[in-house]
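I have placed the structure first, in the form of structure tokens, so that the comments after it can refer back to it.
In listed order, ligands and their atoms are each counted from 1. Position 1 is the first residue of the sequence, and the numbers go up from there.
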Amino acid sequence: MSIQWFPGHMHRARKEIAALMAKVDVVIEVLDARLPTFSENPMLRELRGTRPCLKLLNKSDLADPLVTMAWKEHFQREAGTVPLEVVATNARDARAIIALLPRMGPQRNLVMQPLVCLILGIPNVGKSTLMNTLVGRKVARAANQAAITTKKKRVHLNDEITLYDTPGVLWPKIEDEEASFMLAGSGAVRETAMDNTEVAARVGKYLLREYADLLRTRYKLDELPENEMGLLVEIGKKRGCLVKGGEVDLAKAAGILLNELRAGQIGRISLQKPPAWREG
Ligand SMILES: Nc1nc2c(ncn2[C@@H]2O[C@H](COP(=O)(O)OP(=O)(O)OP(=O)(O)O)[C@@H](O)[C@H]2O)c(=O)[nH]1
Ligand SMILES: [Mg+2]
């Protein structure tokens with residue numbers, strides 16, 4: 001499965017971001033802490049050029065803490081970027097970001113010429129939520145669905161910082177199969193653009209390998225199913241997703257697994273491990 005979901009507003013947003021970039025001092029790239037480099041848009045990296053970049057590992061409350069720590073070390077080695085793990089609704093994290101931004105931009109009189117910061121990222125990673133927390137009031141609509149923001153929005157955070165929120169942008173064709181499935185599992189893709197059961201099966205396979213104990217506890221499994229389809233069948237049985245004849249409604253079981261994963265109900269789960277993790 002490769003995901004092709006690049007609606008018109010994303011195409012427009014990409015062009016707007018490119019046009020804005022000339023006056024941007026600092027890029028705030030919001031990544032999903034559960035899958036940091038899968039959620040890094042290569043198109044945005046190109047647009048950003050050599051501008052200083054604050055890489056926020058957001059939704060860190062949902063991710064596996066040890067894996068997030070390893071990801072932070074991974075990004076610390078990247079020139080020109082500062083990684084920070086955050087929760088976009090957390091006011092303390094917002095204060096830390098506000099304190100950091102002026103130190104990352106060019107040294108000048110910011111009251112005379114405010115620092116321009118651009119919030120970028122793929123859909124549903126928490127850009128608008130972050131904007132609201134930074135400003136301290138609701139200035140942008142945020143909701144748990146991909147492609148909520150469709151137009152850029154400018155807000156003066158204070159006398160020294162101007163912020164832009166932008167629509168989430170994916171790239172025209174996500175070729176990497178593992179990345180496609182994990183992005184879909186994380187909630188970055190509208191469900192109409194993917195096959196829920198296929199996504200849940202692939203994510204389920206990963207969870208069986210990496211987080212078997214969490215699955216066992218959440219779904220009260222005495223024995224671990226042998227494979228991903230077995231997992232969906234077990235979840236379906238436990239949750240009464242049956243159709244006529246006693247068969248399990250796999251699509252419904254898939255929906256339960258994905259919703260509970262996204263809500264953090266299975267536990268703190270990372271959907272991607274850093275390269276150094278795998279090498280041991
Ligand atoms: N658990 C958790 N949820 C978060 C966090 N940040 C954002 N969310 C939730 O993620 C969902 C998406 O948030 P938005 O701020 O609308 O995301 P966005 O990046 O602006 O999305 P688009 O406008 O579609 O590109 C909302 O339900 C938020 O409440 C976080 O740090 N932790
Ligand atoms: Mg938004």
Electrostatic pair [X]:[Y] at N-O distance under 4.0 angstrom:
{"X": "Arg216", "Y": "Glu234", "answer": "no"}
{"X": "Arg45", "Y": "Glu29", "answer": "no"}
{"X": "Arg262", "Y": "Glu191", "answer": "yes"}
{"X": "Glu177", "Y": "Arg202", "answer": "yes"}

Using a 4.0 Å heavy-atom cut-off, which part of [X] comes near ligand 1: side chain, backbone, both, or neither?
{"X": "Thr149", "answer": "both"}
{"X": "Ala146", "answer": "backbone"}
{"X": "Ser128", "answer": "both"}

Thr89: heavy atom below 4.0 Å from ligand 1, yes or no? no

Are any of the heavy atoms in Gln145 under 4.0 Å away from ligand 1? yes

So which of Gly121, Ala142, Gly126, Ala143 gets nearest to atom 26 (C) of ligand 1, if we judge by its closest heavy atom? Ala143

Can you list the ligand 1 atoms lying under 4.0 Å from a non-hydrogen atom of Gly168?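 Counting atoms of ligand 1 from 1, those under 4.0 Å from Gly168 are 25 (O).
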
As an exercise, identify every atom of ligand 1 less than 4.0 angstrom from a heavy atom of Thr129.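 The list of qualifying atoms is 7 (C), 13 (O), 14 (P), 15 (O), 28 (C).
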
Sorted by chain and residue number, which protein N/O/S atoms are under 2.8 Å from the Mg ion (ligand 2)? Ser128 OG, Thr149 OG1

Tell me the protein heavy atom at minimum distance from atom 1 (N) of ligand 1, and give that distance in Å. Asp61 OD2, 2.9 Å

Hydrophobic cluster identity match, Leu221 and Leu258, side-chain contacts under 4.5 Å: yes

Using only atom types and a distance under 3.5 Å, with no angle test, would you say the side chain of [X] pairs donor to acceptor with the backbone of [Y]?
{"X": "Arg108", "Y": "Gln113", "result": "yes"}
{"X": "Asn124", "Y": "Gly187", "result": "yes"}
{"X": "Trp71", "Y": "Gln272", "result": "yes"}

For ligand 1, is there an N or O atom under 3.5 Å from any N or O atom of Asn124?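 Among all N and O atoms of Asn124, at least one is under 3.5 Å from an N or O of ligand 1.
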
In terms of ring plane angle, is the pair His11 and Phe6 parallel, tilted or perpendicular, where the classes change at 30° and 60°? perpendicular

Counting only heavy atoms from other residues, nucleotides and ligands, does the tally under 6.0 Å from NZ of Lys151 exceed 12?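 Check fails, neighbour count at 12 or below.
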
